[in-house]
Amino acid sequence: MPELPEIEVTRLGLTPRLVGRNVDRVTARVHALRYPLPSALARKLGGQRLLAIRRRGKYLLFDFGTGHLLVHLGMSGSLRLVEKGQPATKHDHLDIGFDNEVLRLRDPRRFGAALWIEGDPMSHSLLAHLGAEPLERRFDAAALARALRDRRTAIKPALMDASIVVGVGNIYASESLHRAGIDPRLPAGRVTPARLAKLVRAIKSTLRNAIRAGGSSLRDFVACDGALGDFQTRHRVYGRAGEPCRTCGTTIKMLRQGNRTTYYCPRCQR
DNA sequence: ATGTGACCCTGGATGC
DNA sequence: TGCATCCAGGGTCACA
């Protein structure tokens, strides 16, 4: 589901509405998502002021000063801000109340996570080994080349490897490779420096444009105000097998890489 | 070490 | 308005 743009759209939407406010109530309706929910979360969060919402890769970090609530949306998760009293539906697993509003975590497939972290969250085992943040300046062609050196796996699954670069999932890996004109099957370590430079620019611009468009809404993703993203209407290859390439008109093809579907244009991507 | 594939779970689409 | 099958924005784990 959500990749970096969708997580960032969520963060940007929640920040002005929640930061500086105090938690007054917490309701958990399931015992566990991917991991057991934090025990006694109501006691940990009750009365705490939310200081900031940060993002690392596809993880959101809600900073409460005494600790961080880490949230991952898995494949099907969303975080919405709803009015207090709005009845929960089937897959609404966790509510964090702020006065008259409730931050509600919904996740039908339950691949997501909510954890309580005390101490430095970046040292947590889920975050410590993550790779580069693609929108940071230091993620450049040289950094990507170092991370991909001698890698024989194909470039597309390599882009989805969070120990190399975070936040690029199945949609944006295909989209970025199309924008860079790179065949998704090329061995990662054999892509030339010039083409890696183009790929880095493509990743950054694709992610930034997707954030600006409110993310991609395919099945489950909505922003915190319920708004649908618009970037899916601008996908150049993802989900477009059999349709003409928007650059050259060639029929978009799909293939299977590591149990995920890759979309590409056989003419534009070499 | 690196590279694969199975698996976690639910729901929607499709085909019979 | 059934039922079986396949597929889906992610990540972890066991195994070659």
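Numbers restart at 1 for each chain; the letters A, B, ... are given by sequence-line order, proteins then strands.
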Notebook entry, point to check: Does the pair A:Tyr264 and A:Ile182 meet the rule for a side chain to side chain contact (heavy atoms under 4.5 Å, CB included), with working shown?
Noted result: CA-CA 9 Å; A:Tyr264 70 106; A:Ile182 295 171; over 6 Å; no
Contact class for [X] (heavy atom, under 4.0 Å): base, sugar-phosphate, or nothing?
| X | value |
| --- | --- |
| A:Tyr35 | sugar-phosphate |
| A:Asn170 | sugar-phosphate |
| A:Arg151 | sugar-phosphate |
| A:Tyr238 | sugar-phosphate |

Margin query: Is a donor from one side chain sitting under 3.5 angstrom from an acceptor on the other, for A:Thr262 and A:Gln257?
Written below: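 On atom types as modelled, these side chains qualify, holding a pair under 3.5 Å.
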When the distance from [atom1] of [X] to [atom2] of [N] is rounded to whole Å, what number comes out?
| X | N | atom1 | atom2 | answer |
| --- | --- | --- | --- | --- |
| A:Ile7 | C:dG11 | CD1 | C1' | 13 Å |
| A:Leu33 | C:dT12 | CG | P | 15 Å |
| A:Phe221 | B:dG12 | CZ | C1' | 20 Å |
| A:His124 | C:dG11 | NE2 | C1' | 14 Å |
| A:Leu73 | B:dC9 | CG | P | 19 Å |
| A:Ile171 | C:dA8 | CD1 | P | 11 Å |
| A:His93 | B:dT10 | NE2 | C1' | 9 Å |
| A:Leu218 | B:dA13 | CG | P | 13 Å |

Next item on the list: Determine the sole option in A:Asp24, A:Leu50, A:Leu81 for which the side-chain contact (heavy atoms from CB on, under 4.5 Å) test with A:Phe98 is passed.
Entry: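 So the option named by the test is A:Leu50.
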Tell me whether the side-chain N/O atoms of [X] come closer than 4.0 Å to OP1 or OP2 in [N].
| X | N | answer |
| --- | --- | --- |
| A:Lys90 | B:dG11 | yes |
| A:Ser76 | B:dG11 | no |
| A:His91 | B:dC9 | no |
| A:Arg110 | B:dT10 | yes |

Check: With centres under 5.5 Å and planes under 30°, do A:Phe111 and C:dG11 count as stacked?
Finding: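 Here the ring of A:Phe111 and the base of C:dG11 are not stacked, as the 5.5 Å and 30° limits are not both satisfied.
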Note to self: Can you work out whether A:Arg109 or A:Arg149 has the more 5'-proximal nearest nucleotide on DNA chain B?
What the structure shows: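 It is A:Arg149 whose nearest nucleotide is closer to the 5' end.
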Check: Want to settle it: does A:Arg219 or A:Asn259 sit nearer the 5' end of DNA chain B, counting the closest nucleotide to each?
Finding: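 So the residue in question is A:Asn259.
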Notebook entry, point to check: So A:Phe231 and A:Tyr172, would you call those rings parallel, tilted or perpendicular, with 30° and 60° as cut-offs?
Noted result: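 Judged by the thresholds at 30° and 60°, the geometry between A:Phe231 and A:Tyr172 is tilted.
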Next item on the list: Tell me the partner of B:dC9, counting only Watson-Crick (N1-N3 plus N6-O4 or O6-N4) or G-U wobble (N1-O2 and O6-N3) with both under 3.5 Å; none if nothing fits.
Entry: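 When the pairing criteria are applied, nothing turns out to pair with B:dC9, so the answer is none.
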Notebook entry, point to check: Nearest of C:dA8, B:dG3, C:dG11 to any side-chain atom of A:Arg256?
Noted result: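 Closest nucleotide to the A:Arg256 side chain: C:dA8.
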Next item on the list: Consider the side chain of A:Glu3, meaning its heavy atoms from C-beta on, and name the nucleotide among C:dG10, B:dT4, C:dT12 that approaches it most closely.
Entry: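 Among C:dG10, B:dT4, C:dT12, the one nearest the side chain of A:Glu3 is C:dG10.
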Margin query: Looking at A:Lys44, I'd like to know if its NZ atom is crowded, meaning that more than 12 non-hydrogen atoms belonging to other residues, nucleotides or ligands lie closer than 6.0 Å.
Written below: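 Yes.
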Next item on the list: Check A:Lys204, A:Lys58, A:Arg54, A:Arg55 against A:Glu133 for a salt bridge (Lys or Arg N to Asp or Glu O under 4.0 Å) and give me the one that passes.
Entry: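 Running salt bridge (Lys or Arg N to Asp or Glu O under 4.0 Å) over A:Lys204, A:Lys58, A:Arg54, A:Arg55 with A:Glu133 returns exactly one hit, A:Arg55.
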